[in-house]
Every structure is written in C-alpha cells, then in structure tokens.
Student: 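This is the structure, below, for whatever I ask next.
All values derive from a computational prediction rather than experimental measurement.
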Amino acid sequence: MTTASPSWSSRCALISDNAQGFGCTLNGKATTDWADIATTSFFPAKPLGCYGDGGAVVTNDDRLAELVESLRVYGKVTPTDAAERNFHHDPKYLSLRVGMNSRLDTIQAAVLLEKLKIFADEIQLREKVAARYSAGLKDHVRRVPHIIEGGQSVWAQYVIEHDNRDGLQAHLSSQGIPSMVYYPVPIHMQDFAAEWAPPAGSLPVTEAASQYVIALPMHPYLPEADQDRVIEAVRAFNG
Ligand SMILES: Cc1ncc(COP(=O)(O)O)c(C=O)c1O
C-alpha cells in the first residue's frame, strides 16, 4: 500500500456510473479498465438485483478502495491513516472525514452471492430476448437499440424509440403489457440541475430521444410467447 501524495482528497477521479451496466464490457474489458471507480446499483430492477436496496463501488486502486471503505463507515480511520498518524487511543470509532452509513445488508449480500453465480448466464439470456425483439421490431419502430462494435450490453432495459411513444404506451397498457418511460425529462432540464446544467436546447439528441423512448418488458426468463405478444402488440399499433 502506497502513501504517496497527493492524497485523494485533492485529486480528481473518473467515476463510471454502472447502475444500469454492471457486467457490460467493451472489447472484453469492464469499465474499471478506464475509470478509476465504477459504481453500481443492486436495486431489484437492475441486471444484478438484490431483494431490497444495495449497491457497490468497484476499483482497482487500493488507495481509493480504502478511502471508499472509510466513507462507507462514517469516515473511519483507514490502515493508511493509522500508519501516518499517532492516535492516543483506539481509533476504531474515530471519523477522520465526513462519511455515511452505507453498509450492504448481510441478507442482501447473501442473495447477491448466489445470483452472481448465474449472472453471466443471465446476461446471455437477456441478449437472446433483445435479439428477438430487435429482429421483430427493427422495421416497425423509429429505432431499436444499437450496440457499438465490441460492446456487450447487459440489457438492463430494452428501449425502443417510437414516433408516437405515448400512444404506443397506452396501446400496450390496453393489452395488459407493461412498459416504462424512464427518462421523460433529460437530466440537464430537471429543476435540481438548473444552476449548472446547459440550457434546454443544448443537447438536441438527448432532448429528442426523451420524446420517443419507451422500455419494453425485459428479464432473462421472459418466455418466447410473451416476447412474441409484445412484438405483435407493438407492430399492430399504427398510431
Ligand atoms: C444510471 C443510474 N445511476 C444511479 C442510479 C441509482 O441507483 P440506486 O437507486 O441504487 O441508488 C440509477 C437507478 O436507477 C441509475 O439508473
């Protein structure tokens, strides 16, 4: 373990938000190949979901791992802190930085350990669902998902674009088929971001996509008959 400066508190780190993409790769490499840290979510709707709330931070950097572990437990003293300073009493309950309580429940960890064993298989099953959707829908909607060359998606969602997205959603709903519009308002146009985000109109691709996107049912065990029902319902909508 190195104690070289500058300390992480004075450096920038590149963070990859992998909440929807834990397990995705580009040319066989995970995002931790180019980012200092990858964060992910184990919320049940995510590709690797637990049975409640959970998440993880992944890094190949020992110093960052130490720091994140400290932040996870109220800014506790790390082994590096302990090596660099003399504490007059047991530093176990000392906080050296502002942290939080962000422990993963043991029960959630137990669920995740089991699900991790089949995670790679589940990605392949999702891939098959996505391929069937794309084959059935590519000529009938504005756009089906496109994966860049060398990329492996984990298909957290299967999102199409449709010219009459709201009409399609109502049509699917009338057929008992659930769908979701996850991001109707782009982040830079949400109130919380007003102070620092670029103004509306500055991200035309994002802004256009937010009008058209709709996520179709997607999970590794979606039966082919259900996939066909979704495909037929989308194709039958002429709105
Ligand atoms: C891209 C992205 N980042 C972060 C999050 C937040 O994850 P959590 O709710 O587990 O904190 C989500 C959840 O949907 C997400 O999609």
Side-chain angles (χ1 to χ4, degrees), residues 1 8 13-26 28-82 91-130 145 151-159 178-183 187 190 192 215-223 226:
M1 196 98 14
W8 276 106
L14 182 60
I15 300 174
S16 153
D17 179 346
N18 259 9
Q20 304 276 353
F22 187 63
C24 73
T25 54
L26 183 59
K29 291 181 171 171
T31 55
T32 40
D33 194 63
W34 49 265
D36 297 298
I37 285 189
T39 60
T40 196
S41 167
F42 299 133
F43 186 72
K46 298 295 192 291
L48 182 60
C50 58
Y51 292 174
D53 272 313
V57 171
V58 182
T59 180
N60 287 318
D61 184 310
D62 289 345
R63 284 298 297 272
L64 267 179
E66 253 197 0
L67 177 62
V68 170
E69 199 189 339
S70 169
L71 295 175
R72 184 177 69 98
V73 188
Y74 318 112
K76 72 175 183 179
V77 174
T78 67
T80 304
D81 296 326
K92 186 171 176 194
Y93 295 110
L94 288 183
S95 294
L96 295 192
R97 48 191 70 81
V98 177
M100 65 205 85
N101 170 5
S102 192
R103 291 182 290 248
L104 181 70
D105 281 350
T106 311
I107 186 79
Q108 303 304 346
V111 169
L112 288 164
L113 282 173
E114 288 308 304
K115 293 187 73 179
L116 201 51
K117 293 176 190 165
I118 55 168
F119 186 47
D121 295 340
E122 290 193 334
I123 293 173
Q124 292 313 312
L125 291 171
R126 284 173 183 268
E127 178 84 37
K128 274 192 191 155
V129 178
Q152 170 66 62
S153 173
V154 287
W155 298 104
Q157 299 151 13
Y158 183 88
V159 179
S179 63
M180 194 64 80
V181 175
Y182 281 106
Y183 305 109
I187 286 178
Q190 296 195 16
F192 83 94
L216 302 179
M218 163 57 80
H219 66 81
Y221 307 105
L222 192 67
D226 288 2

Student: Is it the case that more than 12 heavy atoms not belonging to F192 sit under 6.0 Å from its CZ atom?
Tutor: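 Counting neighbours around CZ of F192, more than 12 heavy atoms of other residues, nucleotides or ligands fall under 6.0 Å, so yes.
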
Student: Taking only residues two or more places apart in sequence, or in another chain, which ones meet S153 in a side chain to side chain contact (heavy atoms under 4.5 Å, CB included)?
Tutor: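 In terms of side chain to side chain contact (heavy atoms under 4.5 Å, CB included), with neighbours along the sequence ignored, S153 is linked to I147, W155.
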
Student: Could you state the interatomic distance from CG (D17) to CD1 (I37), rounded to the nearest 0.5 Å?
Tutor: 12.0 Å

Student: If the condition is side chain to side chain contact (heavy atoms under 4.5 Å, CB included), which residues does S179 pass it with, not counting sequence neighbours?
Tutor: Q169, L172, I214

Student: Looking only at non-hydrogen atoms, find the nearest pair between P220 and L125 and report the distance.
Tutor: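 So the two residues come closest at O-CB, 3.5 Å.
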
Student: Do the side chain of K115 and the main chain of G49 share a donor and acceptor less than 3.5 angstrom apart?
Tutor: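 Between the backbone of G49 and the side chain of K115 there is a qualifying donor-acceptor contact (under 3.5 Å).
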
Student: Provide the closest heavy-atom pair for P47 versus A19 in the form atom of the first, atom of the second, distance.
Tutor: CD-O, 4.4 Å

Student: Count the heavy atoms belonging to other residues, nucleotides or ligands that lie under 6.0 Å from CD1 of I107, then report whether that count exceeds 12.
Tutor: no

Student: For the side chain of S70 and the backbone of K76, is there at least one donor-acceptor N/O pair under 3.5 Å apart?
Tutor: yes

Student: Any salt bridge (Lys or Arg N to Asp or Glu O under 4.0 Å) pairs touching residues 95-111, not counting sequence neighbours?
Tutor: D81-R97

Student: Hey, what's the ring geometry for F42 with F22, parallel, tilted or perpendicular (30° and 60° as the breaks)?
Tutor: perpendicular

Student: Nearest 0.5 angstrom please: L96 CG to T78 OG1, how far?
Tutor: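 Those atoms lie 7.5 Å apart.
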
Student: Kindly give the heavy-atom pair with the smallest separation between L104 and D53, and that separation in Å.
Tutor: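 So the two residues come closest at CD1-O, 4.3 Å.
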
Student: Looking at every heavy atom in both V98 and L71, which two are closest together, and how far apart are they?
Tutor: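 That closest heavy-atom pairing would be O-CD2, 3.5 Å.
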
Student: For the CG atom of L216 and the CG atom of L222, what is their distance to the nearest 0.5 Å?
Tutor: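 Taking CG in L216 and CG in L222, the distance rounds to 10.0 Å.
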
Student: Given L48 and L112, is the side chain to side chain contact (heavy atoms under 4.5 Å, CB included) satisfied, shown in steps?
Tutor: CA-CA 7 Å; L48 182 60; L112 288 164; 3.8 Å; yes

Student: Within a strict 4.5 Å, meaning less than it, do heavy atoms of the L14 and W34 side chains meet?
Tutor: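 SC-SC contact between L14 and W34 confirmed.
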
Student: Looking only at non-hydrogen atoms, find the nearest pair between F119 and G23 and report the distance.
Tutor: CE2-CA, 4.0 Å

Student: Ignoring hydrogens and angles, tell me if any N or O in the side chain of T40 forms a donor-acceptor pair with the backbone of N18 under 3.5 Å.
Tutor: yes

Student: State whether the number of non-hydrogen atoms from other residues, nucleotides or ligands found under 6.0 Å of I118 atom CD1 is greater than 12.
Tutor: yes

Student: List the steps and the verdict of side chain to side chain contact (heavy atoms under 4.5 Å, CB included) for E69 and R72.
Tutor: CA-CA 5 Å; E69 199 189 339; R72 184 177 69 98; 3.7 Å; yes

Student: Tell me yes or no: between the side chains of T59 and D61, is some donor less than 3.5 Å from an acceptor?
Tutor: no

Student: Please walk me through it: do Q124 and D121 pass side chain to side chain contact (heavy atoms under 4.5 Å, CB included)?
Tutor: CA-CA 5 Å; Q124 292 313 312; D121 295 340; 5.7 Å; no

Student: Do you know which two heavy atoms are closest between V159 and P145, and how far apart they sit?
Tutor: O-CG, 3.3 Å

Student: Between the side chain of Q152 and the main-chain N/O of G28, is any donor-acceptor distance below 3.5 Å?
Tutor: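 Side chain of Q152 to backbone of G28, a donor-acceptor pair under 3.5 Å: no, none is there.
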
